[in-house]
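Encoded as structure tokens, the structure appears first; notes follow it.
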Number of protein chains: 2
Amino acid sequence: MNHHDPDEILKSASLKVTEQRRVILRFLLNNHGPFTVEEMKELMSEGSFDLATLYRSMATFEEAGLVEKRLFGDGLVRWEYHAHSLCGHNHHTHHHHLMCQSCKTITTLDICLPPEFFKMIEAYNYTQLKHHLEFSGICPECQKKEVP
Amino acid sequence: MNHHDPDEILKSASLKVTEQRRVILRFLLNNHGPFTVEEMKELMSEGSFDLATLYRSMATFEEAGLVEKRLFGDGLVRWEYHAHSLCGHNHHTHHHHLMCQSCKTITTLDICLPPEFFKMIEAYNYTQLKHHLEFSGICPECQKKEVP
DNA sequence: CTTGCTGCAAAGGGTTTGCATACTA
DNA sequence: TAGTATGCAAACCCTTTGCAGCAAG
């Protein structure tokens, strides 16, 4: 299958192909993010979107493993496309981020937890295991601004 | 100073000592958590608390470094007491958690990221660096329940 | 006595839901 | 055609805020 074609991705996830889902998924495939639902609505030039549709699509996509939720502690949920492992290593592979608390700039970190971590946690016999790992702080640019 | 006395902790953080803050802090010192604001209101037997006071206290305590915010991706913010490093290693030392998405049981994991992680991130020159790391899944008990 | 905290109530903002309509398979 | 997704608007829930009264230092 073509891992860049929204239609094929939706079909292989057993989801109905609708114009809205196609556009949303294409947006996430072409833009790294992560994005808030509000940002997605703003940035998607194609078509018009009801926020409820965005929220419902994100919930559906998350359940299908197509997107991942990102939390930075500022009260907003951010989403990004999550390629399946079979897609090989690209910029959609599992990773984490560093966000500036002031200007909200998000830097992608090509790291994840070491295997020992997961082995240790497997001992608890939890299924559907997920982890949230994100960093935040004040970026060099905003550090300068803060000095009056 | 006595690291178990709410009054002394508040004073050394340059915060005014009020009855509400005393009770909230004592609760967090005696109970590991993390707790949502709602849970804290329910569980604190002493006195009555307005939710606004709880929210404001948590914001104040966080700024003073007395508490840490915990995110598990279910849309709720949870708080727990955060001892300063000078307190030595106890159950309030920095750590992370594993939460069951179904029954919300929270297990404390006495782990944190390996030093290499932080070194790598220091290269970005961010100040006030924080990280959120939490695990979630379905616990063995709830796995049984799910079979109808 | 001055500054700052608390309680109450109202407002705010993000997210979810009910329902009629439109569309996919 | 049956079942599902969408749009719209209202409802929800957690959180924040304005303001008057009260308490701490």
Would you mind reading off the distance between [X] atom [atom1] and [N] atom [atom2], rounded to a whole angstrom?
X     : N      : atom1 : atom2 : answer
B:E38 : D:dC12 : CD    : C1'   : 13 Å
A:D50 : C:dA20 : CG    : P     : 17 Å
B:E63 : D:dT16 : CD    : P     : 13 Å
B:R22 : D:dG25 : CZ    : C1'   : 14 Å
A:L71 : C:dG14 : CG    : C1'   : 14 Å
A:M44 : D:dT6  : CE    : P     : 11 Å
B:E19 : D:dA24 : CD    : P     : 9 Å
B:L54 : D:dC13 : CG    : P     : 19 Å

Does [N] have its OP1 or OP2 closer than 4.0 Å to a side-chain nitrogen or oxygen of [X]?
X     : N      : answer
B:Q20 : D:dA23 : no
B:Y55 : D:dT16 : no
A:T18 : D:dA5  : no

Sugar-phosphate only, base, or nothing, as touched by B:R21 at under 4.0 Å among non-hydrogen atoms: sugar-phosphate
Touch class at under 4.0 angstrom, heavy-atom based, for A:V37 against every strand present: nothing
Pair of N/O donor and acceptor under 3.5 Å linking C:dG4 base with B:R56 side chain: no
Straight-line distance of A:H82 NE2 to A:E68 CD, nearest 0.5 Å: 4.0 Å
Backbone of A:D5 reached by a side-chain donor or acceptor of A:E8 within 3.5 Å: no
Shared hydrophobic cluster, A:I106 / B:L133 (ILVMFWY, side-chain heavy atoms < 4.5 Å): no
pair B:L71-B:E134: side-chain heavy atoms closer than 4.5 Å: no
A:C112 side chain near A:H95 side chain, heavy-atom distance below 4.5 Å: no
Side chain of A:A52 (C-beta onward), nearest among C:dG7, D:dG3, D:dC8: D:dC8
Given C:dA25, C:dT15, D:dC14, the nucleotide with the shortest approach to the side chain of A:V77: C:dT15
Position toward the 5' end of DNA chain D (nearest nucleotide), B:V17 or B:L51: B:L51
DNA chain D: 5'-proximal contact among B:G75 and A:I24 (nearest heavy atom): A:I24
